[in-house]
Structures are given as C-alpha cells and as structure tokens.
Amino acid sequence: MSNTMNIIISVIFGVASVVMFYRWSKVHRKIMIHDQQWSYLRIMVLVLGVLTAVSLVLNASQNTMYDYARIAFTFLGVTAFMALRDGVGEEGMVSVGKFYPWNEVTAYDYSYKKNTVEVYFMVKSQKKDKPDEYTTKVLEFANENKDHLMKFLQINLGRKYTRMKRKK
C-alpha cells in the first residue's frame with residue numbers, strides 16, 4: 001500500500017477513534033441495559049481488525065513506519081467501536097454514542113424477533129429550524145434481557161407506548 005494511502009487511512013481511523021472514545025467517556029455510565037453485542041456491523045468491524053492483524057503478520061518484512069501507523073490506528077478504531085455500545089438507562093437512551101433523555105423520546109414500540117427484541121424510539125428533532133421533525137432510532141436487545149427491558153420501558157416510558165408502522 002502506498003504511503004499516501006496509509007496516511008489517509010491513519011488519519012481517518014485516528015479521528016474516528018478519538019470521537020468514539022470521547023462519546024464513550026460521556027455515555028458509558030448512563031447505560032443499564034446494553035444492546036445486542038454481536039450485530040452484523042460489529043462482526044464486520046471485528047473482521048476488519050482480524051484482517052489488519054493478518055496484514056501485519058504476512059507483510060512483516062516489508063512493512064514501513066506508515067504501515068505500522070495504519071495498523072495501530074485501525075486497531076484503535078476497532079477497539080473504540082467495540083467499546084461504544086447502545087442501550088437504555090435511567091436517564092434516557094444511547095444510540096450511536098449520542099444520549100437522548102427520556103423527555104425527547106415521544107413514542108416507542110417493540111417487536112419480538114427470533115433471537116432479539118427490537119425497540120423503536122421516536123425522538124424529537126434536534127434542529128432548531130425543523131422542530132416538528134422526528135427520527136426513529138432502532139435498538140436490538142438480546143432475548144435474555146426481554147423481561148427486564150419491558151419492565152424498564154414500562155416504568156420509564158409507559159404512557160408513550162404507540163404501535164408504529166415499520167418498513168418491510
């Protein structure tokens with residue numbers, strides 16, 4: 001791989017990992033029930049980390065300083081992504097490292113899948129120029145957390161339960 005490409009990849013993963021670790025430091029204490037650990041995206045990021053390790057071993061004799069920097073920043077990015085989890089807590093929910101207090105959630109719905117419970121949260125718009133817009137955040141939880149999760153949502157969002165149409 002060329003030095004320019006190594007520098008570009010290092011900068012992208014370096015900036016992304018700093019942002020993810022910053023978000024993690026702000027929200028990791030607020031989550032009581034975490035989302036499902038092994039989603040397809042998490043598995044693909046882990047595969048990226050394994051492929052990076054393979055490139056380290058296979059090209060050991062030809063690696064340059066830029067290759068080692070790319071590998072280090074890629075490992076840092078993979079570690080930051082694996083540490084940053086979504087979930088719900090007493091104060092609100094976390095989606096993609098962003099915290100949403102319960103007063104910003106206008107409605108929620110859930111559906112049971114084979115191995116997961118999908119919970120859909122309708123969140124108020126954060127944009128001042130479009131205050132009437134809403135976004136839907138979807139979190140997948142493991143089935144073993146189902147009873148605890150449903151009781152938790154009933155306590156914190158009981159009156160906000162609404163059946164929502166889901167895209168097929």
Side-chain angles (χ1 to χ4, degrees), residues 1-89 91-101 104-105 108 111 113-143 145 164 166-168:
M1 189 175 295
S2 71
N3 290 342
T4 306
M5 198 63 178
N6 280 331
I7 292 170
I8 291 170
I9 292 172
S10 297
V11 168
I12 289 170
F13 275 98
V15 170
S17 59
V18 166
V19 169
M20 285 188 284
F21 274 128
Y22 175 72
R23 284 184 169 188
W24 175 83
S25 70
K26 290 179 71 175
V27 300
H28 80 281
R29 286 180 232 96
K30 296 182 180 188
I31 300 175
M32 292 176 65
I33 304 173
H34 292 279
D35 68 337
Q36 182 177 340
Q37 174 67 30
W38 296 110
S39 64
Y40 292 114
L41 183 59
R42 287 191 176 280
I43 292 170
M44 294 308 296
V45 169
L46 192 60
V47 167
L48 174 70
V50 169
L51 290 175
T52 301
V54 168
S55 75
L56 173 67
V57 173
L58 291 180
N59 297 327
S61 63
Q62 301 170 355
N63 283 342
T64 66
M65 176 187 71
Y66 296 111
D67 289 318
Y68 289 120
R70 172 184 51 86
I71 291 167
F73 282 114
T74 303
F75 279 145
L76 189 64
V78 168
T79 303
F81 184 80
M82 295 305 279
L84 189 62
R85 301 268 308 271
D86 296 342
V88 294
E91 301 172 32
M93 64 168 278
V94 176
S95 177
V96 195
K98 185 165 174 21
F99 177 74
Y100 298 95
E104 291 181 11
V105 177
Y108 80 98
S111 67
K113 303 293 181 193
K114 181 179 178 184
N115 297 321
T116 61
V117 178
E118 287 185 350
V119 182
Y120 309 90
F121 296 98
M122 185 78 67
V123 180
K124 291 180 187 177
S125 174
Q126 303 295 316
K127 301 174 187 173
K128 294 183 193 255
D129 57 335
K130 297 181 181 179
D132 294 335
E133 277 190 6
Y134 296 93
T135 57
T136 303
K137 306 291 181 185
V138 181
L139 300 181
E140 286 186 5
F141 296 92
N143 265 345
N145 294 336
M164 295 182 204
R166 290 177 280 288
K167 296 179 183 175
K168 297 284 181 181

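No experiment lies behind these values; they were computed from the predicted model shown. Counting begins at 1 with the first residue of the sequence.
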Practice task
Indicate the atoms forming the closest heavy-atom contact of L139 with V88, along with that distance.
Solution key: CD1-CG1, 4.5 Å

Problem - Heavy-atom check, side chain of L56 versus side chain of Y68, under 4.5 Å - result: yes

Practice task
To the nearest 0.5 angstrom, please state how far the CG atom of N63 sits from the CD1 atom of I71.
Solution key: 5.0 Å

Handout entry: Shortest non-hydrogen separation from I31 to G87 and the atoms involved
Key = CG2-CA, 3.8 Å

Problem - Euclidean distance, L46 CG relative to T79 OG1, rounded to 0.5 Å - result: 9.5 Å

Practice task
Kindly compute the distance separating OG1 (T4) from CD1 (I9), expressed to the nearest 0.5 Å.
Solution key: 11.0 Å

Practice task
Check whether any side-chain heavy atom of F13 lies under 4.5 Å from a side-chain heavy atom of T52, and answer yes or no.
Solution key: no

Practice task
Mind checking the NZ-NZ spacing from K98 to K137? Nearest 0.5 Å is all I need.
Solution key: 8.0 Å

Exercise for the section: Verify the neighbour count for atom CE of M82: are there more than 12 heavy atoms of other residues, nucleotides or ligands below 6.0 Å? Expected result: yes

Donor-acceptor contacts, no H, no angles, side chain residues 21-29, under 3.5 Å, sequence neighbours left out:
{"unit_1": "R23", "atom_1": "NH1", "unit_2": "V96", "atom_2": "O", "d": "2.7"}
{"unit_1": "S25", "atom_1": "OG", "unit_2": "Y22", "atom_2": "O", "d": "2.6"}
{"unit_1": "H28", "atom_1": "ND1", "unit_2": "W24", "atom_2": "O", "d": "3.0"}

Fill in the blank from the handout: In this structure, OG of S2 is separated from CD1 of I8 (nearest 0.5 Å) by 7.5 Å

Handout entry: Where S95 and Y100 come nearest, the two heavy atoms and their spacing
Key = CB-CE1, 4.0 Å

Exercise for the section: Side-chain contact test, heavy atoms from C-beta onward, threshold under 4.5 Å: evaluate it for N145 versus V117 and give yes or no. Expected result: no

Exercise for the section: State which residues pass side chain to side chain donor-acceptor pair (under 3.5 Å) with Y66; sequence neighbours excluded, sorted by chain then number. Expected result: none

Handout entry: Validation row: E140, D35 side chains within 4.5 angstrom (heavy atoms)
Key = no

Exercise for the section: First locate atom CD of E104, then atom CE of M122, and finally report the distance between them rounded to the nearest 0.5 Å. Expected result: 14.5 Å

Handout entry: Residue pairs involving residues 41-69 (criterion salt bridge (charged side-chain N to carboxylate O under 4.0 Å, His left out); sequence neighbours excluded)
Key = D67-R70

